[in-house]
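When a ligand or atom number is given, it counts from 1 through the structure's own listing order. All values derive from a computational prediction rather than experimental measurement.
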Amino acid sequence: MAQTIPRQDGFEEFFRALRAARESALLLDYDGTLAPFRIDPGTALPYPGVCEQLNRIMRQGRTRVVLVTGRWIKDLLPLLDLDCMPEIWGSHGWEHLRPDGEYRTSTIREETLRPLLDADSWTGRIEAVGGRCEHKPAALAIHWRGLSPERVTVIRDIVREQWLWQRMDEHLVWHDFDGGIELRAPDTNKAHAVEAVLRELGVGTAVAYLGDDETDEDAFCALRGRGLGVLVRPAPRPSGADLWLQPPHELLQFLQQWHNAHEV
Ligand SMILES: [Mg+2]
């Protein structure tokens, strides 16, 4: 599908439909969407006002709020200051936590798991030049945010060398993201989470997905024809999203309008 630059106007039509809808679902990426990037992801708290807006929306009881993140869910929970537990899909759709606490993960094949476990034999070289390696249930993320272009090149070369040497492409998928590389089990992406949520929604439910990164393109694609895809970034880029907004001001406006639409 050809990608185009999403527009910055056209939200009115969606909010008209939201006002008319009995139910709604608001799917949200976390890093770069609800929270600014930080070199230490453990300090990436949501933009001021975001949790308050989400609390107000959830209190209304008319919106299924779903966080869809590449993070391990256990790493996201300490950053959220929410009155109620939202639904969370973590590790790019590999794990699922419902508001009632029910937690499920997908299975992972042994041949997929092996190169992820064996990565300890080479990730020290990345950490030696300042990179950060994050082990997740079904992926290895290599972060270089804040490093010089020269160091990023060194890290990328190490990953590529290991990728080829160990023939990881037979079992894993390479994903570039904003600030690093993720080597991930196949069939694990945010479209999986979006499709699972869509299957449970009634006809006429108004749906939107907000995301910033390349990993959100799978979600935008899965939502096409069923809901509104919103790219959340300081500047637009080619995307499968329908519309674009700039965080944090326009994000807060969007959440406020979402709340207002269910007040009438
Ligand atoms: Mg993101």
- Message: Below 2.8 Å, which protein N, O or S atoms neighbour the Mg ion (ligand 1), ignoring water?
- Response: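 Less than 2.8 Å away from the Mg ion (ligand 1) sit Asp29 OD2, Asp31 O, Asp212 OD1.
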- Side chains of His259 and Gln53: do they bring a donor and an acceptor to under 3.5 Å?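 No, no side-chain donor-acceptor contact under 3.5 Å.
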Donor-acceptor pairs are to be reported for all side-chain atoms of residues 104-118 against protein atoms at under 3.5 Å, with residues two or more places apart or in another chain.
unit_1: Arg104; atom_1: NE; unit_2: Glu102; atom_2: OE2; d: 3.1
unit_1: Arg109; atom_1: NE; unit_2: Glu111; atom_2: OE2; d: 3.0

- Message: I need the single residue from Asp212, Leu54, Leu210 that forms a side chain to side chain contact (heavy atoms under 4.5 Å, CB included) with Leu34. Which is it?
- Response: Leu54
- Item | Main-chain N/O of Asp9 paired to Arg7 side chain as donor or acceptor, under 3.5 Å | yes
- Message: Taking the cut-offs as 6.0 angstrom to the six-membered ring centre and 45 degrees off its axis, would you call Arg98 and Tyr103 a cation-pi pair?
- Response: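 Judged by the rule (NZ or CZ under 6.0 Å from the ring centre, within 45° of its axis), Arg98 is not positioned above Tyr103.
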- Query: Cation-pi between Arg56 and Trp258: NZ/CZ under 6.0 Å from ring centre and within 45° of the ring axis?
  - Reply: no
